[in-house]
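Quick notes on the structure that follows.
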Amino acid sequence: FSGNVVNFACNMNLWCHWNIPNKIKEIDVSGWIFSWDSLYDLFYAWYSLESIKWLDTWDVSNIKNMWNMFYGTYNLRDVDFSGRNTENVTNMYWMFYNASGFSELDLSSFDTNKVENMNQMFQWASNLETVYVSDGFTTTSLLSWDNMFSGTTSIVWGNWTVYNPS
């Protein structure tokens, strides 16, 4: 499955959520240009998705909302987020919720300075062991982060880890 023929206007349509995604194992969205500012539900409940080819050319600098972006992607194991400009994102609510295919996420290129909501960002990503971040992963604008790591039963907390949900 490749090209920019997918009509994501059907995002809120349950038929799209439960029928189309369950048949797609690989998608190539490299070179796609998103003129809107939200990736809400982009890969929501794409249970069979194993691979996304995209990030070498995908411009997300306009994006403000990444809510539910990878929600329920059980078989997606490795996504290269390097070089993504996330400086305008304000919402990462449920971004990786129940994305149990990931054992590690390298978010070291993420700039989260404007993010206000990280509620349940990694909740129930039960196989997630490691999240790599850098100095750009700040929480200065964060207003809500309830249950951010709830249900991430495999995560390894190192001595350097600073996470205070209260």
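Every heavy atom of this structure was used, including side-chain atoms; hydrogens, water molecules and symmetry mates were not. Worth saying up front: this structure is predicted, and the values here are computed from it rather than measured.
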Pairwise side-chain contact, L49 with I27, heavy-atom cut-off 4.5 Å (strictly under)
yes

Quick one: closest heavy-atom pair of N75 and S48, and the distance?
ND2-CA, 3.9 Å

Keeping S141 on the side-chain end and E116 on the backbone end, is there a donor-acceptor pair under 3.5 Å?
no

Of the options Y44, Y40, Y71, which is the one that meets W94 in a ring pair (Phe, Tyr, Trp, His ring centres under 6.0 Å)?
Y71

Search all heavy atoms of D37 against all heavy atoms of N62 and return the closest pair with its distance.
CB-O, 3.5 Å

Ring centres under 6.0 Å, that's the criterion: do F102 and Y132 meet it?
no

Spacing of M69 atom CE and N91 atom CG [to the nearest 0.5 Å]:
12.5 Å

Indicate yes or no: at least one non-hydrogen side-chain atom of W124 is less than 4.5 angstrom from one of T152.
no

Taking every non-hydrogen atom, the tightest pair across G72 and Y47
O-CD2, 3.0 Å

Hey, mind stepping through L128 and L105 against side-chain contact (heavy atoms from CB on, under 4.5 Å) and telling me if it holds?
CA-CA 8 Å; L128 186 61; L105 287 169; 4.0 Å; yes

Between OH on residue Y93 and CH2 on residue W67, distance to nearest 0.5 Å
6.0 Å

Could you tell me whether F122 and Y97 have their ring centroids closer than 6.0 angstrom?
no

Distance check, rounded to the nearest 0.5 Å: N68 atom CG versus F43 atom CZ?
13.0 Å

Between atom CD of E50 and atom CD of E26, what is the distance when rounded to the nearest 0.5 Å?
8.5 Å

In terms of side-chain heavy atoms, does N119 have a donor or acceptor partner in S144 at a distance below 3.5 Å?
yes

The reported gap from OG1 in T139 to CG in L142 (rounded to nearest 0.5 angstrom) is 5.5 Å

Taking a hydrophobic cluster as the set of Ile, Leu, Val, Met, Phe, Trp and Tyr residues connected by side-chain heavy atoms closer than 4.5 Å, whether directly or through intermediates, do V133 and M66 fall within one such cluster?
yes

Given K114, which partner from the list N88, T140, T138 fulfils the side chain to side chain contact (heavy atoms under 4.5 Å, CB included) test?
N88

A side-chain contact here means heavy atoms from C-beta on lying under 4.5 Å apart; do D111 and F137 qualify?
no

Quick one: does T90's side chain get under 4.5 Å of V115's, heavy atoms only?
no

All heavy atoms of A99 vs all of F70, minimum pair found to be CB-O, 3.6 Å

Can you see which heavy atom on R84 is nearest to which on V60, and at what distance?
CB-CG2, 4.1 Å

For S134 against S108, the heavy-atom pair lying closest together
OG-O, 2.7 Å

How long is the gap from OG on S61 to CG on N85, to the nearest 0.5 Å?
5.5 Å

Apply side-chain contact (heavy atoms from CB on, under 4.5 Å) to residues N147 and F149 and explain how you reach the verdict.
CA-CA 5 Å; N147 297 311; F149 291 96; over 6 Å; no

Show your reasoning for whether side-chain contact (heavy atoms from CB on, under 4.5 Å) applies to N65 and V89.
CA-CA 6 Å; N65 186 358; V89 176; over 6 Å; no

